[in-house]
Number of protein chains: 2
Amino acid sequence: MNDVARLAGVSSQTVSRAVNSPNLLSPATLAKVRRAIDLLDYHPNVAAQSLANRTVKMIGLFMPFTQEQVKSNMFFHSLSATVCQRCAQHDFVLQLFTANPDESYVRLFKRLYREKRVGGLLLTCPSMNTKEIGELRSSAVPFVLIGRPAAPDLDVDYVDVDNAAGAHMAAQHLLNKGHRDIALLNAPKFMTLSEDLRSGVQRACQEQGEPVRFTEIHSELTYKSGLEIMRRLIASDSRPTGIITADDLLALTVKRAADEARLRIPEDIAVISTFASGWYDVMEPELTHVDTGFERIGIVAAEHMMKVILKKNPPPLRTVLDVKLTEGKST
Amino acid sequence: MNDVARLAGVSSQTVSRAVNSPNLLSPATLAKVRRAIDLLDYHPNVAAQSLANRTVKMIGLFMPFTQEQVKSNMFFHSLSATVCQRCAQHDFVLQLFTANPDESYVRLFKRLYREKRVGGLLLTCPSMNTKEIGELRSSAVPFVLIGRPAAPDLDVDYVDVDNAAGAHMAAQHLLNKGHRDIALLNAPKFMTLSEDLRSGVQRACQEQGEPVRFTEIHSELTYKSGLEIMRRLIASDSRPTGIITADDLLALTVKRAADEARLRIPEDIAVISTFASGWYDVMEPELTHVDTGFERIGIVAAEHMMKVILKKNPPPLRTVLDVKLTEGKST
DNA sequence: TTGTAGGCGTTATCAG
DNA sequence: CTGATAACGCCTACAA
């Protein structure tokens with residue numbers, strides 16, 4: 001910076017102004033400084049900037065991935081891609097963090113913030129409990145939950161897609177097609193997602209005048225676990241006629257189990273997914289699914305966090321994004 | 001830091017030592033300082049550290065993802081997960097970057113380094129040309145290529161899996177099973193991967209005594225493009241008996257096209273993939289594939305970059321990781 | 001084994 | 001509109 005100042009014949013403060021508030025300079029000085037900046041290929045040191053500014057233009061994205069989840073969960077990948085692009089547009093940077101065996105979630109989050117590594121965090125912790133969230137809330141660390149918190153009254157920023165509504169739509173769709181024996185191949189019990197899906201389906205069943213049989217089964221959101229469950233379910237004497245899956249990967253297990261049992265989709269058994277990540281393309285017949293547009297989650301979360309970091313005091317974030325049904329040929 | 005020093009009754013320098021070189025302190029002082037650190041929950045400010053140290057313990061991972069690639073390419077996701085974990089173990093941080101429409105690759109890389117955002121970069125640019133690489137090399141930006149550079153004589157650090165050997169193995173496997181009419185469903189032309197695969201298969205064909213018919217087709221590494229190609233290929237009068245795919249996603253398109261044409265795998269047509277990411281699980285019958293252990297790429301690359309950043313002067317990185325064949329039931 | 005002085009590269013504040 | 005001065009929080013070098 002001093003080199004630039006010397007070359008331009010101004011003080012270093014003027015160089016700073018040329019970078020941060022060019023409108024405060026006279027056109028002539030600005031031009032001079034800019035030429036010097038280009039000539040020397042000067043780039044401000046962001047470490048020095050955040051030291052002087054006391055603001056860190058970096059967002060941390062936390063994803064507690066295990067090997068299994070990494071391989072099958074395209075949601076995480078899509079999320080990081082979206083957030084990364086959004087950050088870049090605002091001169092922010094995205095940092096990735098994952099679970100650390102010898103440090104609790106909350107401790108890690110606090111540390112990252114106190115070390116000024118990040119200005120705030122985006123958290124995808126499907127199992128973070130109320131106590132942990134409360135602790136984090138009282139610690140001044142800015143954060144946004146991806147997915148809704150277990151206790152809805154908690155005063156916390158979050159974004160989610162409306163999974164309950166999605167499940168409701170999915171169930172209604174099957175009911176309208178005449179199905180009266182429905183199974184929900186759900187996510188693991190500990191995920192709040194799993195509650196949302198169940199309640200959505202149940203509500204649809206209750207709204208239906210006639211009696212409906214409803215079975216819920218928790219999978220691990222992996223192909224292996226889903227396939228095992230579906231094989232058992234299809235072989236059982238009480239095979240449902242319609243299946244709602246938490247995920248398009250699970251829908252593939254329905255297809256496979258049906259193939260093995262020589263059942264046709266949708267004639268013998270119908271499938272609908274409340275979520276479609278990349279597995280969707282591979283499904284045959286084309287999968288009826290709830291289109292969550294989950295890419296929006298990352299955008300909303302990142303946008304909010306950047307405002308918080310820049311001290312723009314945005315209103316609390318309690319966003320539940322709407323979803324819609326896309327009919328394929330599997331129902 | 002000053003607060004800690006005051007509380008412990010020492011100078012701030014001693015606090016610094018307690019953090020960075022505890023062995024230089026007497027046990028008594030160290031204990032005192034540590035107690036103060038815990039009491040005040042002190043965490044060093046990393047921005048100040050890198051300013052004073054002139055070293056940035058951050059690694060940038062660049063992935064030029066488009067929407068399509070994001071959804072289908074689990075390689076990228078797996079890579080970021082691996083690197084993220086490895087970084088965390090050494091108190092490094094991973095930052096994610098993607099292509100920016102109004103800035104060239106090289107310009108972006110230089111900027112990130114000059115701004116001291118990252119200490120070095122890991123680059124997954126399947127199409128970066130020799131000129132760009134040369135320009136980057138002469139710019140003092142530390143970087144490691146993921147995948148080999150187009151010009152092998154370029155004096156550049158890189159890690160790759162031995163795709164040529166993998167393709168060679170795959171072709172040999174088919175030849176040993178008696179196939180004499182082989183097709184390679186390859187990656188896009190511009191990727192160096194695509195050359196490697198072709199050369200591996202060709203070598204295997206030449207080594208075979210008898211004449212072998214070999215067809216190469218470039219896909220876009222997406223389900224849609226692969227399926228189109230496979231439908232045409234299977235319908236044509238010169239349908240190959242064995243197919244080598246660049247990817248397990250492409251292997252799924254073979255399966256689908258075969259199903260549609262009522263061909264059985266492996267009796268009527270055999271499939272083998274030179275790479276298996278997460279799609280592998282979904283394939284039926286179990287996919288014969290080259291096991292690249294590509295997770296190792298991220299580890300090797302990150303490990304090297306951290307040494308470079310810490311000025312440990314590691315030897316040049318010219319690593320081509322070995323691969324092995326895993327036989328399934330699709331050949 | 002510990003403390004002091006000075007600097008890392010930037011910005012805020014206050015004068016002019 | 002521009003410049004001087006003092007931080008920002010830490011570390012290196014040197015001195016004691």
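Just so it is clear: chains get the letters A, B, ... in the order the sequence lines come, proteins before strands, and each one is counted from 1. Computed from a predicted model, the values in this text were never measured in an experiment.
Under the 3.5 Å distance criterion, the side-chain polar atoms of A:R137 are left unmatched by any main-chain donor or acceptor of A:V156. A:E132 contributes a side-chain N or O that, together with a main-chain N or O of A:N129, makes up a donor-acceptor pair within less than 3.5 Å.
Residues B:G9 and B:L51 each lie close to DNA chain C; by heavy-atom proximity, the contact nearer the 5' end of the strand is made by B:G9.
Between A:S26 and D:dT2 there is a side-chain N or O to OP1 or OP2 distance below 4.0 Å. A sub-4.0 Å separation between OP1 or OP2 of D:dC8 and a side-chain N or O of A:N53 is absent. For the pair B:S16 and D:dC10, the criterion of a side-chain N or O lying under 4.0 Å from OP1 or OP2 is not met. The phosphate of C:dG3 (OP1 or OP2) has a side-chain N or O of B:T14 nearer than 4.0 angstrom.
When the C1' atom of C:dT2 is taken as reference, atom NZ of B:K32 falls 10 Å away, rounded to whole Å. Atom-to-atom, OH of A:Y42 to C1' of C:dG9 comes out at 7 Å; the value is rounded to the nearest Å. The CD atom of B:E115 sits 20 Å away from the P atom of C:dC8 (whole-angstrom rounding). We find that CG of B:N45 is positioned 14 Å from C1' of D:dA7, with the value rounded to whole Å. Look at CD on A:Q49: it is 16 Å from P on D:dG9, rounded to the nearest Å. One interatomic measurement links the two molecules: CG of B:L30 to P of C:dT1, which rounds to 11 Å at whole-angstrom precision. In this structure, the CG atom of A:L24 is 14 Å from the C1' atom of D:dG3, given to the nearest Å. Atom C1' of nucleotide D:dT2 and atom CG of A:N23 are separated by 14 Å, given to the nearest angstrom.
For B:Q13 against D:dT12, a side-chain N or O and a base N or O form a donor-acceptor pair under 3.5 Å. Within 3.5 Å, a donor on the side chain of B:R17 pairs with an acceptor on the base of C:dG3, or the reverse.
Contact annotation for A:N20: backbone-only contact, meaning every heavy-atom pair under 4.0 Å involves sugar-phosphate atoms and none involves a base. Looking at heavy-atom distances under 4.0 Å, B:S11 makes contact with a base. Looking at heavy-atom distances under 4.0 Å, A:M1 makes contact with a base. Counting non-hydrogen atoms under 4.0 angstrom, A:L25 reaches the backbone sugars and phosphates but no base. Using a 4.0 Å heavy-atom criterion, one finds that A:V46 contacts no nucleic acid atom at all.
You'll find the ring centres of A:F62 and A:Y105 inside the 6.0 Å limit. Aromatic pair B:F143/B:F109: centroids not less than 6.0 angstrom apart.
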